[in-house]
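Just the heavy atoms: all of them, side chains too, but no hydrogens, waters or symmetry mates, feed the values below. Counting begins at 1 with the first residue of the sequence.
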Amino acid sequence: MFRSKRFRDNWILILIISSIPGLIFGGVIYWLAGERLENELLQMHNKQIQLRAANIDEQFSYLETSVMHWAFDANFGYSLSNISLSRDFEIARNITQTLSIMQGSNPLAKKVELFLEGPAPVRFHPQYEALTNAVQIDGYRQLLAHDKKVFWSQHTSESDSPSDNSLSLMIKIPEADENPFGIIAVRIDTTKVAKLLQTLAPYGDGGTFLLEENGDLLLSSSGKKPASQLDEAITREVLASKTRSGSFLFDWNQTTYTVSFGTMSRIDTEWTYVSASPISAITRPVVFISQLILTLSIGMLLLAFVLSWLASRRIYSPIAQLVSLLTGNTALSALGKEQNDDFKIIEKEWLHLTRESMTLQNKLEQQLPHLKEGFLLQLVQGYLYSYSEQALLERMRNFGWSVDNRQYAVLYIQLSGFENLEGRFSSGDEGLVTFVAANITMELASSHFEQSEVMNFHDLSVGLLIIVPEETEQKEAIRAFSQELTHGIHHVLNMYVSVTIGSLALSVVHVPSRFEEAMQASSLRRFESRNQIIDLESLDEYDKENHEIHYPFALEREIIQAIRTGQIEEAKQLIQAFLEELLERGAKVIDIQQGMLQLLGSILHAIRLTGMDPNRIFKSANLYEQLMQFGEPQKMIAWFHDKVVGPFMQELESRSDVEVKRTVETAMIYLQNNYMKEISLDSCADYAGTNTVALSKSFKQVSGKNFIDYLTELRIEKAKELLRDTDMKINDIAEKAGYQPSYFNRIFKKQEGITPSQYRELNRN
């Protein structure tokens with residue numbers, strides 16, 4: 001279609017008409033929105049900086065107020081000048097506690113200390129100590145000589161040098177005295193202040209710092225000194241502005257920063273905060289919106305491209321649409337010069353479709369038998385339960401069956417004795433044998449009935465659906481056919497055949513239930529080598545031959561004992577004898593299966609009693625379902641040996657070492673819970689489920705100690721714990737540890753080298 005000139009012209013015209021408004025709209029929005037949003041974001045950034053700076057200023061003000069309030073505390077009164085703190089330790093302890101409370105009352109305070117002048121200067125740091133270092137004393141006296149009582153300083157006495165460069169708030173005491181004799185120093189946590197300053201620069205680049213009144217760097221959000229070249233350059237610009245607050249743009253290394261600054265009034269001084277952030281980080285949303293507008297514009301252009309193409313297809317001529325429908329998307333390029341002759345294209349494609357239709361019809365006729373068999377399999381297995389009677393009849397008519405005024409009979413045919421074919425067929429040839437039986441069934445059924453269909457289940461079983469008129473009696477005919485079928489298959493394959501004749505179904509929807517009944521009734525066949533016919537309508541007569549089946553409980557116990565003791569060959573022989581005893585009185589398949597299922601359940605129960613998990617041993621396989629698949633004795637015996645006994649024996653061998661460790665662990669837990677009682681190797685072995693010789697040997701092998709030594713060490717450790725942590729009498733502790741008091745002293749001294757009383761005294765001192 002694209003090669004048509006008319007199609008191309010229409011497409012280009014519609015594309016131009018639909019694209020121009022979108023391009024104009026996108027350009028105007030980009031131009032208006034970009035500049036305005038950028039200005040709004042810069043103003044919003046400056047307002048946020050002012051609000052956050054006010055918050056920081058408020059926290060410093062709160063610190064100053066708190067410290068001045070604490071300075072009037074009674075502990076820092078005039079009495080400190082006349083008290084010997086080395087003797088009045090109660091006063092010293094109160095001062096230490098007060099300083100600790102002051103330190104924890106404000107998050108910005110890192111350390112609070114007190115210096116007291118006198119003949120013997122002392123310092124609380126916050127603990128009491130006498131100062132002997134002349135350098136430290138001179139540093140504090142310089143602070144006392146300051147002309148103001150409350151002031152900020154870069155000097156503290158946190159270390160041995162009283163001139164550590166760290167911001168501190170100083171207040172002299174007593175507050176109301178003209179001649180103070182002490183000074184309280186509150187050292188600021190610069191790390192926390194740096195985090196506060198980082199809120200003034202919320203972006204990755206840039207930074208925030210505080211300046212003193214003289215322009216020197218006080219604190220920085222990076223926590224580093226000296227200032228970077230960028231900070232020094234911004235500081236010069238701020239100082240040159242001669243204003244208390246404001247904002248401006250600053251270019252540095254090809255990056256434009258927006259700089260906001262203002263002042264914070266502190267006691268005896270004034271600080272200036274400066275925040276610098278790259279404009280690119282602030283205006284990032286504007287860039288995103290611009291890119292979004294550009295993307296939407298491109299998307300609108302692509303949408304116009306697609307819509308114009310669709311509109312052009314609608315405008316194109318009906319003949320061209322018919323040609324496109326017949327030839328497909330790639331046919332025009334293959335037709336070559338004939339592409340401009342629409343009628344020749346239509347004629348050629350029509351002939352091609354006619355030939356393909358005939359070919360498909362032939363293939364359908366060849367595949368019809370397989371389709372019919374697939375439909376029947378779905379029908380008898382219940383997959384078409386949602387279809388109504390009329391829908392099923394209509395589908396059967398389409399397959400060529402005559403279903404009006406008809407009734408339906410189902411037969412389930414099972415083959416047994418496959419092991420008798422050794423030499424003619426090998427394991428895995430069950431499908432081939434079933435195919436031969438299905439062909440024999442089909443030939444015989446077609447000679448007896450007008451309409452019949454065979455279903456091959458490929459597992460030595462075959463299904464047969466017979467469609468007969470409603471008013472005719474077919475019971476004897478079906479029974480005669482079953483007799484002939486069993487003899488025919490047995491003669492050809494040398495296998496025994498059991499035919500289960502289901503009840504007649506008067507409608508198609510009842511066929512699945514009738515077939516299910518026939519399959520279930522097939523389990524009533526004798527578990528013996530002979531041809532059998534089971535008619536559900538005369539099932540009572542068949543059941544009269546049934547005899548009570550004796551379950552061999554004695555053999556079951558012997559099998560389980562052989563499995564527990566690892567006698568694999570004896571277990572296999574006992575399972576063979578077990579099955580033979582079930583077969584003695586002409587048992588049916590269902591009886592044998594139930595007996596073998598009960599044996600399997602008993603074996604799995606015995607395995608679980610040994611402490612093993614059957615699900616892990618057999619890899620979560622459904623053993624019951626697997627066992628139900630077998631209808632021949634030898635296969636059942638082989639399955640028990642390969643799938644049940646064998647895996648358990650392998651697990652039993654691999655777990656022998658694990659069981660020894662588990663037994664010792666059980667014994668140790670028993671000792672830890674009962675060490676205070678009368679306990680012996682015999683009682684512990686009984687609890688662990690073993691004998692004394694095995695437990696003693698296993699205990700030495702796993703723990704490296706014999707039983708008595710381990711118990712003695714355990715009791716002595718418990719006694720030592722009571723001696724250390726309680727005030728119980730020695731005799732009571734002896735009984736708690738499981739000893740008589742007189743024997744306890746001797747055994748304790750033998751183990752520890754000292755008596756219990758000496759041990760308690762030694763640990764408490």
Side-chain angles (χ1 to χ4, degrees), residues 416-419 422 425-431 458-461 523 527 549 551-583 587 589-666 688-691 694-695 698 701-702:
S416 59
F418 183 77
E419 65 275 6
E422 187 174 355
F425 297 98
S426 58
S427 178
D429 290 341
E430 289 86 350
H458 307 281
D459 59 351
L460 298 180
S461 63
S523 62
F527 207 86
I549 302 302
Y551 185 81
F553 288 99
L555 283 175
E556 177 191 276
R557 291 192 293 269
E558 293 181 14
I559 291 170
I560 293 175
Q561 183 63 25
I563 292 175
R564 284 177 174 173
T565 56
Q567 303 177 38
I568 185 168
E569 290 300 327
E570 183 178 351
K572 184 176 180 182
Q573 294 173 3
L574 290 171
I575 293 173
Q576 172 84 27
F578 182 90
L579 183 57
E580 290 175 354
E581 186 165 338
L582 288 178
L583 292 170
V589 172
I590 188 172
D591 299 325
I592 300 301
Q593 288 178 339
Q594 289 177 353
M596 299 305 286
L597 286 173
Q598 183 171 343
L599 175 61
L600 175 61
S602 299
I603 292 175
L604 294 180
H605 179 68
I607 292 175
R608 191 173 292 279
L609 289 178
T610 62
M612 300 184 187
D613 184 6
N615 290 327
R616 189 180 64 82
I617 295 175
F618 304 111
K619 300 178 180 178
S620 299
N622 191 338
L623 300 180
Y624 295 100
E625 182 179 349
Q626 293 180 15
L627 179 58
M628 288 294 292
Q629 304 301 319
F630 301 109
E632 299 181 10
Q634 296 305 321
K635 288 187 176 180
M636 282 188 175
I637 294 172
W639 179 84
F640 263 96
H641 180 267
D642 296 336
K643 301 298 183 181
V644 179
V645 179
F648 173 70
M649 294 301 180
Q650 293 178 0
E651 180 69 14
L652 196 62
E653 293 176 358
S654 63
R655 290 170 65 101
S656 58
D657 292 339
V658 176
E659 290 298 330
V660 171
K661 294 181 180 178
R662 184 175 298 172
T663 300
V664 174
E665 290 176 358
T666 302
T690 182
N691 56 67
L695 178 61
S698 301
Q701 177 184 349
V702 174

* **Approximate separation, where rounding is to 0.5 Å, of F640 CZ and L574 CG** => 12.5 Å
* Rounded distance [0.5 Å steps], CG in L599 versus CD1 in I575 -> 6.0 Å
* Asked: Just wondering, do L604 and F618 contact through their side chains at under 4.5 Å, heavy atoms?
  -> yes
* Asked: How long is the span from the NZ atom in K572 to the CG atom in D642, to the nearest 0.5 Å?
  -> 7.5 Å
* Rounded distance [0.5 Å steps], CD1 in I559 versus CD in Q576 -> 10.5 Å
* **Gap between atom CZ of R608 and atom NE2 of H605 - 0.5 Å precision** => 9.5 Å
* Asked: Going from CE on M636 to CZ on F578, what distance comes out if it is rounded to the nearest 0.5 angstrom?
  -> 11.0 Å
